[in-house]
Trainee: 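My structure is below; once you've seen it, I'll send some questions.
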Amino acid sequence: MNIEQSKLNTRPLKFVMWVFIVSIIMMFAGLTSGYIVRKAEGNWLQFTLPNIFLYTTIIIMASSVSLHWAYLSARKLNFAAQKLGLWITLVLGILFLLGQWLAWEKLIEMEIFLVGNPSGSFLYVISGLHGLHILAGLCFIINCLVGAYKNTPQVKNIFQMELTSIFWHFVDILWIYLYVFLLLNH
């Protein structure tokens with residue numbers, strides 16, 4: 001199979017990725033719309049978001065930078081830098097999840113629980129679902145790392161890096177949207 005045939009076979013997978021992303025957008029659009037509608041009904045607990053959410057936002061933004069560096073390194077055939085960038089992204093992704101867990105612990109200290117007031121429920125559900133998508137992104141990153149260490153053919157390596165980058169940058173942008181939404185609506 002030549003390079004042109006390999007490129008042709010990747011188009012359906014990219015399309016599936018974009019369909020998956022659109023479905024995620026629809027899910028979070030529904031959640032944020034439901035949040036606004038439910039908030040207008042009253043019985044809404046007002047509270048300040050824990051500062052850890054800001055720190056996790058910075059972490060996830062830094063992870064997008066490191067993943068982009070890994071992608072550019074792969075394109076330049078600098079596989080050592082690609083691996084390093086992927087490792088950094090993996091660690092930052094794990095730190096993001098740990099930070100979200102700490103934010104949940106802080107919410108519990110503030111007596112904001114999953115069950116009880118809808119404002120807390122929405123916050124847990126929104127951040128928890130996003131965390132599941134981060135876990136999916138970490139699986140993509142691990143797959144790229146495995147491929148990088150196995151010396152995967154460059155066409156496949158770049159394709160894996162492209163899919164991973166699309167998804168990871170998407171969950172990064174999604175979290176920024178969700179964080180700003182939560183800040184403005186709390």
Trainee: What's the separation between atom CD1 in Ile88 and atom OG in Ser66, rounded to the nearest 0.5 Å?
Mentor: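 The CD1 atom of Ile88 sits 6.0 Å away from the OG atom of Ser66.
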Trainee: Of all heavy-atom pairs between Phe53 and Ser127, which one has the smallest distance, and what is that distance?
Mentor: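 That would be CE2-CB, 4.5 Å.
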Trainee: Hydrophobic cluster membership, with links at side-chain heavy-atom distances under 4.5 Å among I/L/V/M/F/W/Y: are Leu92 and Leu135 in one?
Mentor: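 Shared cluster, yes.
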Trainee: With a 4.5 Å heavy-atom cut-off, do Leu123 and Trp104 have their side chains touching?
Mentor: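 With C-beta onward as the side chain, the pair stays apart.
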Trainee: Please report whether the ring centroid of Tyr124 lies less than 6.0 Å from that of Phe113.
Mentor: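 Not close enough - the centres of the two rings lie 6.0 Å or further apart.
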Trainee: When rounded to the nearest 0.5 angstrom, what is the spacing between CZ in Phe122 and NZ in Lys39?
Mentor: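 Here the interatomic distance stands at 11.5 Å.
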Trainee: How about Tyr177 and Phe28: are their ring centres within less than 6.0 Å of each other?
Mentor: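 No, too far apart.
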Trainee: Verify, without hydrogens or angle tests, whether Asn185 (side chain) and Phe181 (backbone) share a donor-acceptor contact under 3.5 angstrom.
Mentor: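 Between the backbone of Phe181 and the side chain of Asn185 there is a qualifying donor-acceptor contact (under 3.5 Å).
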Trainee: Identify whether Leu132 and Ile24 are in the same connected component of the hydrophobic contact network (ILVMFWY, side-chain heavy atoms under 4.5 Å).
Mentor: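 Leu132 and Ile24: one cluster.
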Trainee: Is there a ring-ring contact (aromatic ring centres under 6.0 Å, His included) between Phe96 and His130 once you walk through the steps?
Mentor: CA-CA 11 Å; Phe96 175 86; His130 183 266; 5.6 Å; yes
Trainee: Would Leu183 end up clustered with Ile58 when hydrophobic side chains under 4.5 Å apart are linked, directly or stepwise?
Mentor: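 Same cluster: Leu183 reaches Ile58 through Ile, Leu, Val, Met, Phe, Trp or Tyr contacts under 4.5 Å.
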Trainee: Do the side chain of Ser33 and the main chain of Gly30 share a donor and acceptor less than 3.5 angstrom apart?
Mentor: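 Checked: no pair found.
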Trainee: Under the side-chain hydrogen bond (donor to acceptor under 3.5 Å, both in side chains) rule, collect the residues that match up with Trp44, sequence neighbours excluded.
Mentor: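 Testing Trp44 for side-chain hydrogen bond (donor to acceptor under 3.5 Å, both in side chains), a comparison that skips the adjacent residues, returns none.
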Trainee: So, taking the atom named CH2 in Trp87 and the one named CD1 in Ile141, what distance separates them when rounded to the nearest 0.5 Å?
Mentor: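 Output value for this atom pair is 11.0 Å.
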Trainee: Rounded at 0.5 Å granularity, tell me how far CZ in Phe170 sits from OG in Ser165.
Mentor: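 The CZ atom of Phe170 sits 14.5 Å away from the OG atom of Ser165.
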Trainee: Just how far is it from atom CG of Leu178 to atom OH of Tyr35, taken to the nearest 0.5 Å?
Mentor: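 Result: 11.0 Å between the selected atoms.
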Trainee: Hey, is CE on Met17 packed in by over 12 heavy atoms from elsewhere, all under 6.0 Å?
Mentor: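 Yes, the 6.0 Å shell around CE holds more than 12 heavy atoms from other groups.
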Trainee: If you take all heavy atoms of Ser64 and Asp172, which pair is closest and at what distance?
Mentor: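 Nearest heavy atoms, Ser64 then Asp172: OG-OD2, 2.5 Å.
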Trainee: Nearest 0.5 Å please: distance from the CE atom of Met27 over to the CD1 atom of Ile126.
Mentor: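 CD1 of Ile126 is found 10.0 Å from CE of Met27.
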Trainee: The criterion is side-chain hydrogen bond (donor to acceptor under 3.5 Å, both in side chains); which residues satisfy it with Arg75, sequence neighbours excluded?
Mentor: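 Here the qualifying residues are Tyr71.
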Trainee: Using the side chain to side chain contact (heavy atoms under 4.5 Å, CB included) rule, take Trp175 and Thr56 through it: C-alpha gap first, then chi angles, then the decisive distance, then the call.
Mentor: CA-CA 9 Å; Trp175 177 252; Thr56 58; 4.1 Å; yes
Trainee: Indicate whether the side chain of Glu105 and that of Trp101 have a donor and an acceptor atom separated by less than 3.5 Å.
Mentor: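 Per modelled atom types, Glu105 and Trp101 side chains form a pair under 3.5 Å.
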Trainee: Does Glu111 CD have over 12 foreign heavy atoms under 6.0 Å away?
Mentor: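 No, not enclosed.
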Trainee: Do you know which two heavy atoms are closest between Gly131 and Leu97, and how far apart they sit?
Mentor: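 Between these two residues, the closest heavy atoms are O-CD2, 3.7 Å.
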Trainee: Quick check: closest heavy atoms across Thr152 and Gly147, and the distance to 0.1 Å?
Mentor: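 For Thr152 and Gly147, the tightest heavy-atom pair comes out as OG1-O, 2.7 Å.
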Trainee: Could you go step by step and tell me if Thr89 and Trp69 meet the side chain to side chain contact (heavy atoms under 4.5 Å, CB included) rule?
Mentor: CA-CA 10 Å; Thr89 306; Trp69 174 56; over 6 Å; no
Trainee: Are the side chains of Lys106 and Ile112 in contact, using a 4.5 Å heavy-atom criterion?
Mentor: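 The answer is no, as the side chains (C-beta and beyond) never meet within the 4.5 Å cut-off.
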Trainee: Checking side chain to side chain contact (heavy atoms under 4.5 Å, CB included) for the pair Gln82/Leu86: CA distance, chi angles, key distance, verdict?
Mentor: CA-CA 6 Å; Gln82 175 193 5; Leu86 286 168; 4.0 Å; yes
Trainee: Grab the two heavy atoms, one from Cys144 and one from Thr164, that are nearest each other, plus how far apart they are.
Mentor: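 Taking every non-hydrogen atom into account, SG-OG1, 3.1 Å.
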Trainee: May I ask whether Leu31 and Val37 are part of the same hydrophobic cluster, defined by side-chain heavy atoms of I, L, V, M, F, W, Y residues being less than 4.5 angstrom apart, directly or through others?
Mentor: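 Result: no, two separate clusters.
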Trainee: Quick one: list whatever passes side-chain hydrogen bond (donor to acceptor under 3.5 Å, both in side chains) with Asn117, sequence neighbours left out.
Mentor: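 Listed in chain order: Ser119.
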Trainee: Are Ile25 and Ile173 in one and the same hydrophobic cluster, where Ile, Leu, Val, Met, Phe, Trp and Tyr link if side-chain heavy atoms are under 4.5 Å apart?
Mentor: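 No, because Ile25 and Ile173 fall into different hydrophobic clusters, even though each may have its own neighbours under 4.5 Å.
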Trainee: Just wondering, are more than 12 heavy atoms of other shown residues or ligands nearer than 6.0 Å to NE2 in His68?
Mentor: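 At most 12 heavy atoms, drawn from other residues, nucleotides or ligands, come within 6.0 Å of this atom.
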Trainee: Which pair of heavy atoms, one from Thr57 and one from Ile60, lies closest together, and at what distance?
Mentor: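 Scanning both residues completely, I find the closest heavy atoms to be O-CG2, 3.2 Å.
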Trainee: Is it the case that Asn157 and Gln160 place a side-chain donor and acceptor less than 3.5 Å from each other?
Mentor: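 Side-chain D/A pair, Asn157 to Gln160: absent.
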Trainee: Is a side-chain donor or acceptor of Ser121 paired with a backbone partner of Leu114 at a separation under 3.5 angstrom?
Mentor: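 Such a contact is found between Ser121 side chain and Leu114 backbone.
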Trainee: Should Leu67 and Met161 be marked as a side chain to side chain contact (heavy atoms under 4.5 Å, CB included) after you check the CA-CA gap, both sets of side-chain angles, and the distance that decides it?
Mentor: CA-CA 9 Å; Leu67 183 60; Met161 290 296 297; 4.2 Å; yes
Trainee: Between Ser73 and Asn78, do the side chains contain an N or O donor and an N or O acceptor separated by less than 3.5 Å?
Mentor: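 Asn78 and Ser73 do not have a side-chain donor-acceptor pair below 3.5 Å.
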